[in-house]
Each structure stands twice: as C-alpha cells, then as structure tokens.
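Notes to accompany the following structure.
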Amino acid sequence: AEPITFARNSRLSEYGTRPEYDSRAFEELLSWVKSVAALTKPERIHWVDGTAEERQALLDAMVDQGMLIKLNPKLRPGSYLARSDAGDVARLESRTFIASEREEDAGPTNNWTEPSVMRATLTELFDGSMRGRTMFVVPFSMGKVGGPISQLGVQITDSPYAVASIGVMTRVGSAVTELIAEGSPWVRTVHSVGAPLESGDRDVAWPSNDEKYIVHFPDTLEVFSYGSGYGGNAILAKKCYALRIASVLGRDQGWLAEHMLLIRVVSPEGRKYHVAAAFPSACGKTNLAMLRPTIPGWKVETLGDDIAWIRPGEDGRLYAINPEAGFFGVAPGTGESTNVTAVEALRENVIFTNVALTDDGDVWWEGLTDDAPEHLIDWQGNDWTPAADRPAAHPNSRFTVSAAQAPSISDDWEEAVPLDAILFGGRRASNVPLVTEAFDWNHGVFMGSTISSERTAAAEGTVGELRRDPFAMMPFCGYNMADYFGHWVEMASLAEKLPNVYQVNWFRKGDDGRFLWPGFAENSRVIEWIIRRIEGSADAVDTPIGRVPAELNTEGLDLPDADLSALFEIDPDGWLAEADLTSEFFDTFGDRVPEELRSQLAGLRDRLQTA
Ligand code: GDP
Ligand code: PGA
Ligand code: MN
Ligand code: MN
C-alpha cells in the first residue's frame with residue numbers, strides 16, 4: 001500500500017500562505033517560527049488562517065490519511081472520530097514540568113527541572129522531530145479577539161488533530177496574527193508528537209512517542225509539549241497556557257486563572273447571578289455548566305465549562321470570562337437523562353476521541369443510552385458486544401465542540417460577568433456535605449485549599465484513590481501552591497465586594513455504595529439555596545465546618561429522609577482526621593502557607609473539638 005504521510009500527498013498544499021506584515025513584532029514572530037523549523041526540520045510549514053475552507057481541507061486530508069473516521073453525515077453531520085494510541089488517553093501529570101528559574105517557585109506540588117537542563121533535553125528531543133511532517137503555525141486568542149481580558153498565543157504543532165481541536169477550543173486566525181504584528185504580547189507554545197517520518201515510512205493513525213514531556217517556562221512564558229497528541233497535552237492554549245502560564249501572569253498582575261466553569265443563573269423573578277465552580281477533572285464541571293434546572297422558574301445559561309479568568313473590575317467586583325471557545329468534554333455518562341444540553345450540542349460538527357463507533361457510522365459511549373447497541377467497534381478499533389467485559393468507549397473519551405453550539409449558551413457569553421458565588425467541590429464518598437457555605441472570604445479560601453477528591457480517568461493514576469486537589473488546581477497551578485493560596489487571600493484587598501464561597505459534593509455515598517444525591521439536573525436545588533442565600537432570603541445553620549441549609553427544596557424529589565440527613569451528616573472525628581491531614585499537607589510547603597489559612601485550620605479544630 002501507498003505510505004500515508006500527512007505532509008506528502010496532502011490536499012492542504014494550496015492553503016496556508018504566509019502572512020505578510022511590515023513590523024518589528026511580526027519579524028519576531030517570523031524569526032521564532034524559523035528557529036523552531038530549523039530545529040524540528042519539518043517538510044512543510046503551514047500558516048493557519050482559520051477559515052472554514054481551510055478547516056474542511058484539514059479534516060478531509062485527515063480522513064484520507066486514516067487519522068479521522070468521518071461519521072455518517074445523515075446521523076452526525078460534520079463530525080469525526082479519532083482513536084488515540086492506547087498509551088495516550090489522558091493528561092500526564094508525572095510528565096508535566098514547571099521549569100522556573102528557582103525551584104521554590106514551582107513548589108512541592110509540581111515537577112521541577114532547572115531551565116537550562118530542561119532546554120537541553122528539549123532541544124535534543126525536538127531536533128528533527130517534525131521530519132517528513134507539516135509544521136502548522138496556529139495563532140490563537142483566549143477570550144474574544146481584542147477583548148479586554150483576552151490573551152494571545154501561537155502554537156506550533158505537527159499534529160493536524162491538534163490544529164483541528166485548537167480551531168474549536170480557541171479563536172484561531174489572521175485577526176490574531178494582525179494583533180501580534182501590531183505589537184500585542186503573545187505566548188510561544190511548541191508541540192510535536194515526536195514521530196518523525198523518514199521517506200517511505202508508513203504513518204499511523206495517531207502518531208505519538210512513548211517519551212512524553214509537557215514543559216512550562218513561566219519566567220519566559222513558553223510551553224513545549226512532546227510525544228503526546230491527547231487534548232490536555234496537545235491543545236497548549238488550554239491547560240498549559242490558560243491555567244499554568246496564566247496563573248503565573250495572574251499572580252504578577254493581580255488576577256486569577258482558575259479551573260472553573262462559569263454560569264448565569266436566572267431566578268424565577270428574572271434576576272441574574274453569576275456562579276463559577278472549581279471541580280477536579282471529570283467531577284462535573286461540564287454537566288453543571290449545562291444544567292437544565294428541574295425546579296420551576298429557574299434557568300441556567302452556559303458561559304464556560306472548564307476555565308475562568310477572573311479580574312477585579314472598576315466597580316470593585318470580581319469579573320470573569322471563559323477564555324475558551326469550545327468544550328472538550330467527557331463523553332461517558334453524557335446522556336438524555338444526565339446532560340440533555342450536551343446531547344443536543346453534539347448533534348453536528350463534533351470531533352470525538354476514543355468513543356465507540358456504531359455499525360451505521362454514528363458514535364456511542366457508556367451512558368449515552370440505557371442499553372448498548374448489539375454491536376460496536378470499540379475505542380481501540382475492535383469488535384464489541386454488550387457481553388464484553390470492557391467498556392466500548394474509553395472512560396476518558398471526549399467530545400470537542402464549539403461553545404456556540406450548546407443550546408444553553410448565553411447570548412453574551414463572550415463578555416465578562418460579575419461573580420456572585422464561587423463553588424469548590426470534588427468527588428467525596430464520605431464526610432463532605434452536599435453544600436456548605438463559608439463564613440467569610442478567608443474561610444472560603446481555606447475551603448478551596450483543603451479540597452481533596454477521588455482520582456478519575458482524566459489523568460494517569462489509580463481511579464478512586466483520594467488525593468489533595470486544592471481549588472481543583474493541583475495539576476494546573478504554574479507556581480508554588482502556597483503562594484497561590486496567598487494570592488487568593490490577597491484578592492480580598494483588590495476587590496470591594498467579594499462573591500460568597502461554597503463547598504459542594506454531589507458524590508457522597510451511602511453504606512451500600514450508591515450515590516445519596518441524584519445529582520445532575522437536581523443540583524439546581526443546591527444552586528437555588530445558594531442564590532437565595534445571596535439574596536438573604538434562605539436560612540442556614542452554623543456547623544463547625546461552615547453553614548448548611550436550614551432547609552433544602554426537595555419538593556417533587558424522591559429522596560428518603562434518611563438519605564437527606566446522611567447527605568448533611570458532619571462527623572467531628574472524621575473532620576478532625578481531615579484537619580490532621582490538612583495540617584500535614586500545609587507542612588509540605590514549609591512555612592509558606594499564609595498565616596490566614598493556618599489560623600483558619602486552628603479555628604476549625606477548635607470548633608470541632610467543642611462540637
Ligand atoms: P468535568 O470533567 O469536571 O467537566 O466533569 P463532567 O461534567 O464531564 O462529568 C464527569 C463525569 O461525572 C461524567 O461521567 C458525568 O456523568 C459525572 N457527573 C457529573 N455530574 C454529576 C452529578 O451531579 N452526579 C453524579 N453522580 N455524576 C455526575
Ligand atoms: P475536564 O477537562 O476538567 O473537563 O475533565 C480536561 C482536563 O481537566 O483534563
Ligand atoms: Mn479541566
Ligand atoms: Mn469538562
């Protein structure tokens with residue numbers, strides 16, 4: 001058979017002319033592109049201009065070369081399925097590095113390597129890494145192009161899958177190049193799948209390398225990613241830039257880059273509130289972002305599902321934007337009964353990764369329907385029937401779809417909104433109540449700093465194992481996390497009116513191992529209480545760990561009283577044990593944890609001991 005390579009024999013050659021600008025800023029971009037090309041030695045350079053024609057040509061070329069499967073256009077128009085290498089299915093925290101000048105700036109929760117040592121390693125890896133391939137230059141904006149909170153970047157990549165994904169997740173195109181040419185600051189990001197093609201080599205559907213590196217240089221605002229094609233490792237605008245690099249920018253410039261969904265809640269009276277919520281990966285952000293309330297009169301509009309950038313506004317409130325333009329969501333568990341909004345958003349123009357293929361050319365994953373089809377091709381390309389003892393879709397299989405396609409998206413979703421509430425959460429089978437209100441800002445920051453959650457399939461590691469994930473930012477904080485806690489404490493001095501803070505837990509289990517709370521759309525009941533608290537019309541009861549609802553709206557819900565009380569049970573011994581673990585966790589930062597949080601911990605212990 002003919003060898004298939006992306007660069008050769010590609011319909012793309014007629015696209016991607018190099019833009020021309022006569023400016024020093026553009027010369028800088030150009031010389032950076034040339035220097036990366038000189039190192040990586042691609043066969044061709046393609047400047048991505050972001051047009052629909054270019055996107056279609058890219059997708060067509062990938063289908064021709066076996067990198068994507070075109071889904072049945074009658075069932076799933078404009079949609080494609082990618083199957084990754086079996087070893088390239090999630091983020092890799094053990095291969096993610098913060099190469100800051102000083103080790104203490106990376107802190108104990110990040111992998112650190114001295115920058116010059118890391119640069120030498122990367123130079124060796126990237127040397128010739130794009131041989132035989134097309135090197136794409138992708139200018140992107142996080143936040144609307146030219147927006148007041150927006151930031152620019154350029155990703156160089158040899159992965160057409162990454163280019164297609166970045167095209168959904170960010171705003172890509174010539175308008176960005178123009179801003180760069182005019183002198184707007186931008187971040188340099190370089191990605192290679194690390195699979196050079198020598199002439200005659202047969203390409204594979206998902207090129208990657210067993211050796212993987214995801215590296216951030218926060219002092220020089222650069223990202224290098226090698227060896228992986230998986231979204232979180234390859235769409236560098238997302239976790240690498242919008243969280244790890246942006247968190248450092250936020251520290252230095254007085255704002256926050258957070259792993260948060262963003263929604264507008266409209267009350268039955270028509271009042272609008274904005275809520276941001278930080279949950280670890282695969283713990284319910286996308287679902288809450290697309291919530292369709294079960295309680296009459298309430299409405300939720302989607303603004304973002306994974307990342308929020310938060311800045312103090314002129315009126316003294318905190319304003320947030322979703323810097324992304326799409327959703328990179330977990331497929332399994334997404335169905336009519338759990339997230340009908342997502343199901344509707346996924347009707348067309350979707351890139352699916354590692355879901356199962358049906359016999360009529362559509363997709364399926366666990367939870368899409370109650371019963372699995374009689375026959376499927378699983379995420380690894382093998383025959384599958386319901387009798388198989390393995391899932392048809394990978395547990396971290398994903399959809400990539402533009403935000404505008406969600407029926408719940410706000411009309412003004414690209415604008416900054418003032419925050420009324422911030423939620424922190426995670427997967428906790430025990431101990432943590434359904435919802436708890438913080439006494440004040442510092443108590444809320446303390447809550448965020450103490451979040452732990454059971455591991456999910458979104459990153460490597462043992463699923464279900466409890467681990468610390470403060471602010472859901474453990475894998476994404478680009479600097480010393482104790483300093484990050486301090487930055488959160490300091491935000492109080494940059495804003496006059498702060499949002500209320502809550503801890504939520506949709507995942508508490510009974511002794512029989514089932515979830516006590518129905519979750520999903522019923523989470524609107526918790527949102528209702530939170531909004532009524534903000535309005536001052538709902539009562540709360542003080543407990544040692546915070547304020548819980550005096551009453552929760554459970555009308556029309558088939559929830560046994562025993563389950564409701566179990567959802568709010570607070571076991572002082574269990575919480576004292578948590579406090580000991582928190583103390584141990586804080587100690588891993590030496591004396592760097594802010595005094596405000598140490599005294600919150602002491603206060604919590606006092607309250608628990610006298611409870
Ligand atoms: P994200 O990765 O944080 O955006 O999380 P998702 O919203 O994609 O959800 C991850 C997984 O958790 C999916 O399998 C969901 O079906 C499941 N999930 C989301 N919300 C809830 C909930 O309220 N209750 C339960 N039991 N599962 C949920
Ligand atoms: P998630 O996003 O938070 O929606 O899972 C991807 C990730 O965090 O890896
Ligand atoms: Mn995420
Ligand atoms: Mn998500």
Side-chain angles (χ1 to χ4, degrees), residues 90-91 93 169 230-233 235 237-244 257-263 276-294 302 304-308 322-324 326-343 345-346 355 365-368 391 393-401 403 406 408 423-429 434-435 451 453-459 463-464 469 471-477 504-510 513-527 567:
R91 282 184 295 99
E93 292 170 13
M169 298 305 297
Y230 173 75
N233 305 326
I235 308 168
K238 191 173 176 58
K239 304 301 186 178
C240 299
Y241 181 0
L243 289 176
R244 299 194 190 97
E258 297 300 325
H259 191 202
M260 290 179 175
L261 67 92
L262 190 61
I263 52 176
F279 310 151
S281 304
C283 291
K285 290 183 301 302
T286 301
N287 274 267
L288 187 60
M290 298 181 179
L291 181 83
R292 196 170 290 184
T294 48
T302 309
D305 84 324
D306 195 49
I307 298 176
N322 162 24
E324 301 190 279
F327 305 126
F328 177 64
V330 178
T334 306
E336 299 274 346
S337 62
T338 56
N339 189 353
V340 61
T341 310
V343 171
L346 299 178
V355 301
W365 50 81
E366 280 68 23
L368 177 61
H394 187 276
N396 191 40
S397 54
R398 297 265 170 174
F399 54 79
T400 308
V401 69
S408 57
L423 278 49
F424 297 116
R427 281 180 188 262
R428 290 299 306 268
L434 182 63
V435 57
I451 296 288
S453 186
E454 291 141 26
R455 282 184 187 275
T456 67
V463 172
D469 196 350
F471 296 81
M473 280 289 280
M474 190 68 136
F476 308 120
C477 184
V504 299
N505 177 26
W506 314 144
F507 300 96
R508 197 159 181 173
K509 289 181 174 171
R514 91 204 132 81
F515 289 121
L516 290 167
W517 178 245
F520 299 104
E522 303 297 358
N523 294 331
S524 53
R525 296 165 187 278
V526 174
I527 299 293
L567 278 164

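For clarity, every value in this text was computed on a predicted model and none was experimentally measured. Note that these values count all heavy atoms, side chains included, but never hydrogens, waters or copies made by symmetry. Every number for a ligand or one of its atoms is a count from 1 in the order of the listing.
Between the side chain of Glu324 and the backbone N or O of Lys238 there is no donor-acceptor pair closer than 3.5 Å. Using modelled atom types, no side-chain atom of Trp517 and backbone atom of Leu567 make a donor-acceptor pair closer than 3.5 Å. Although no hydrogens or angles enter the test, the distance criterion places a donor-acceptor pair under 3.5 Å between the side chain of Ser453 and the main chain of Arg427. Side-chain atoms of Thr334 do not come within 3.5 Å of backbone N or O of Asn339 as any donor-acceptor pair. A donor-acceptor contact shorter than 3.5 Å is absent between the side chain of Asp305 and the backbone of Phe327.
Distances from the Mn ion (ligand 3) to the N/O/S atoms of Asp306 are shortest for OD1.
In this structure, Lys239 is positioned above the aromatic face of Phe476, its NZ or CZ under 6.0 Å from the six-membered ring centre and within 45° of the axis.
The N/O atoms of Leu288, backbone and side chain alike, include none that comes under 3.5 Å of an N/O atom in ligand 1. Backbone and side-chain nitrogen or oxygen atoms of Thr334 are examined, and none is located within less than 3.5 angstrom of a nitrogen or oxygen of ligand 1.
Within the structure, ligand 1 has Arg427 among the residues with a heavy atom less than 4.0 angstrom away. Assignment of Gly367 to the shell around ligand 1 is not supported, since no heavy atom sits closer than 4.0 Å. Between Gly329 and ligand 1 there is no heavy-atom distance shorter than 4.0 Å. By the 4.0 Å heavy-atom criterion, Asn523 is counted among the residues contacting ligand 1.
By the criterion of a heavy-atom distance under 4.0 Å, neither the backbone nor the side chain of Ala289 is placed next to ligand 1. Under 4.0 Å from ligand 1, not a single heavy atom of Ala458 appears. Contact annotation: for Phe507 versus ligand 1, heavy atoms closer than 4.0 Å belong to the side chain alone.
Listed by atom number, the atoms of ligand 1 under 4.0 Å from Pro280 heavy atoms are 3 (O). The contact set between ligand 1 and Thr286, taken as ligand atoms under 4.0 Å from a residue heavy atom, comprises 1 (P), 4 (O), 7 (O), 8 (O).
Here Thr286 contributes atom OG1 and Leu261 contributes atom CG; the two are 8.0 Å apart, rounded to the nearest 0.5 Å.
The closest non-hydrogen atom to atom 16 (O) of ligand 1, taken over Ala282, Gly333, Ser281, Ala472, comes from Gly333.
In this structure, the side chains of Pro475 and His259 stay at 4.5 Å or more apart for every pair of heavy atoms. Between Leu288 and Trp506 there is a side-chain heavy-atom pair separated by less than 4.5 Å. Side-chain contact between Ile307 and Met260 is absent, with no heavy-atom pair separated by less than 4.5 Å. Residues Val526 and Val504 meet the side-chain proximity criterion, which asks for heavy atoms closer than 4.5 Å.
Of the protein's non-hydrogen atoms, Gly284 N, 2.8 Å is the one closest to atom 5 (O) of ligand 1. The nearest heavy-atom contact from the protein to atom 6 (P) of ligand 1 is Asn287 ND2, 3.5 Å. In this structure, atom 23 (O) of ligand 1 lies nearest to the protein heavy atom Phe520 N, 2.8 Å. Here the protein heavy atom with the shortest distance to atom 13 (C) of ligand 1 is Pro332 O, 3.6 Å.
Backbone or side-chain N, O or S atoms of Ser281 do not reach the Mn ion (ligand 4) at under 2.8 Å. Because the distance cut-off is set at 2.8 Å, Lys239 qualifies as a neighbour of the Mn ion (ligand 3) through one of its N, O or S atoms.
Between Lys509 and Phe515, the shortest heavy-atom contact is CE-CE2, 3.6 Å.
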